[in-house]
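Keep in mind that this is a model prediction, so the values were computed, not measured.
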Amino acid sequence: MTNKPVCIAQISDLHIKRPGALAYGRVDTARALERCVATLNELVPAPDFVVISGDLVDTPTAEEYEHLKRLLAPLRLPFSSIPGNHDSREMMRGAFAGSNYAHPSGPLNQRIEIAGLDLLLLDSSVPGQPHGQLDPSTLEWLDAELASIAERPALLFLHHPPFRAGIWHMDGQNLLNADALGAIVQRHPRIQLVATGHVHRAALTMFAGVLTTICPAPNHAVDLDLAELREPSFKVEPSAFHLHTWFPGERSLVTHQVPIGQFDGPHPFFGPGGKLL
Ligand SMILES: [Fe+2]
């Protein structure tokens with residue numbers, strides 16, 4: 001078996017608005033996505049797939065999804081997406097009509113097989129609500145998909161974290177039925193990762209015995225207010241995304257955080273003759 005890694009990029013919480021509009025009157029989320037797409041396109045090796053883990057648009061409106069599609073058009077990588085609390089299931093179905101959803105209506109769940117990996121994209125959105133919940137049909141589908149093959153490594157993606165990150169106003173909007181997800185995760189040891197978004201900043205923990213991450217956003221970050229000092233706030237911090245790297249030989253997964261933008265380098269450490277520069 002080759003040990004060439006399989007690279008799954010995850011970007012999250014794009015919050016695209018109608019052209020010209022700024023999020024919260026301040027953040028140019030469209031420009032942020034353009035920079036994110038440019039960084040994704042420059043990665044070598046090119047990621048095998050990109051997952052967009054929710055909050056694709058902001059309000060949501062059909063105009064925002066049209067704007068989103070125009071901004072994603074330059075992306076030279078295959079991608080798929082799941083809804084967040086700012087999305088509309090119906091509008092997403094319309095915008096990405098070619099997607100192979102598991103159900104003809106309701107939650108937008110998908111199983112996507114990439115180079116021997118199962119990507120299980122779970123719709124945790126609750127129409128009209130900021131918190132997350134997995135429908136009974138989603139939990140049933142997930143359990144059945146995971147049971148269908150014993151060995152193939154699986155990565156789970158959903159918008160809402162199933163754990164408390166310590167930011168009070170976000171913790172109230174987590175995945176409400178995390179216990180139900182945790183029970184399934186524990187039943188299926190082929191799950192290698194639970195990858196989420198929603199909080200606009202990188203975090204990782206163990207959940208049900210599995211590495212569980214929050215992906216940072218290309219735009220603004222939720223303020224890291226662990227002391228409940230402020231009203232819900234955001235900061236424009238360095239933007240980034242995650243690159244989940246699966247090594248088939250070792251059956252190990254490493255998540256890299258990739259900063260978005262152009263940076264000085266790469267420069268060699270060593271000159272002629274291996275001399276340290
Ligand atoms: Fe969200």
Side-chain angles (χ1 to χ4, degrees), residues 1-12 36-37 39-54 72 75-82 98-102 108-124 134 138-139 141-159 161-163 181-197 202-216 240-260 266:
M1 179 181 285
T2 171
N3 208 22
K4 180 182 167 297
V6 181
C7 296
I8 309 296
Q10 179 190 4
I11 65 174
S12 200
C36 180
V37 166
T39 300
L40 283 165
N41 281 339
E42 286 163 10
L43 283 179
V44 179
D48 295 276
F49 201 75
V50 181
V51 176
I52 311 175
S53 53
L72 288 173
L75 180 61
R76 295 194 292 264
L77 305 168
F79 70 92
S80 195
S81 56
I82 39 175
S99 300
N100 189 20
Y101 296 120
L108 304 185
N109 303 314
Q110 291 182 78
R111 183 180 71 80
I112 298 166
E113 192 186 335
I114 303 288
L117 273 182
D118 266 349
L119 309 183
L120 292 157
L121 276 54
L122 309 174
D123 182 350
S124 61
L134 296 168
T138 296
L139 293 167
W141 171 81
L142 174 64
D143 204 24
E145 284 290 341
L146 287 164
S148 66
I149 294 171
E151 283 299 309
R152 188 186 295 154
L155 313 186
L156 269 48
F157 291 86
L158 70 160
H159 181 68
F163 64 91
L181 176 63
I184 293 176
V185 170
Q186 282 178 326
R187 268 204 296 280
H188 299 282
R190 73 181 179 106
I191 299 173
Q192 306 293 329
L193 172 75
V194 178
T196 74
L204 75 160
T205 191
M206 296 297 284
F207 168 73
V210 172
L211 176 66
T212 300
T213 56
I214 299 175
C215 182
F241 58 83
H242 276 170
L243 188 66
H244 306 297
T245 308
W246 172 251
F247 296 94
E250 292 118 346
R251 287 182 70 85
S252 79
L253 183 101
V254 175
T255 292
H256 293 277
Q257 180 158 311
V258 183
I260 293 170

query: Atom CG in Leu193, atom CD1 in Ile8: separation rounded to 0.5 Å?
result: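 Reported to 0.5 Å precision, the distance equals 10.5 Å.
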
- prompt: So how far is it from Phe79 CZ to Leu72 CG, rounded to the nearest 0.5 Å?
  reply: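 One gets 4.5 Å once the value is rounded to the nearest 0.5 Å.
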
Which heavy atom in [X] sits nearest to a heavy atom in [Y], and how many Å separate them?
X	Y	answer
Asp48	Pro78	O-CG, 3.4 Å
Thr213	Ala195	OG1-CA, 3.5 Å
Gly197	Ser12	CA-OG, 3.4 Å
Pro5	Pro248	CA-CD, 4.3 Å
Leu77	Ala46	CD2-CB, 3.8 Å

Donor-acceptor pair, side chain of [X] and main chain of [Y], under 3.5 angstrom:
X	Y	result
His242	Gln257	no
Asn109	Asp123	yes
Gln10	Ile214	no

query: Out of Val51, Ile52, Leu121, which one pairs with Ser81 under the side-chain contact (heavy atoms from CB on, under 4.5 Å) rule?
result: Ile52

task: Among residues two or more places apart or on two chains, list those pairs meeting salt bridge (charged side-chain N to carboxylate O under 4.0 Å, His left out) that have a residue in residues 186-195.
output: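 Counting only pairs at least two positions apart or across chains, the salt bridge (charged side-chain N to carboxylate O under 4.0 Å, His left out) contacts touching residues 186-195 are Asp118-Arg190, Asp143-Arg187.
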
field: Note, Leu75 side chain near Asn41 side chain (heavy atom, < 4.5 Å)
entry: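 They are in side-chain contact.
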
With Thr212 via side chain to side chain donor-acceptor pair (under 3.5 Å) - residues at least two apart: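 With sequence neighbours excluded, Thr212 shows a side chain to side chain donor-acceptor pair (under 3.5 Å) to no residue whatsoever.
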
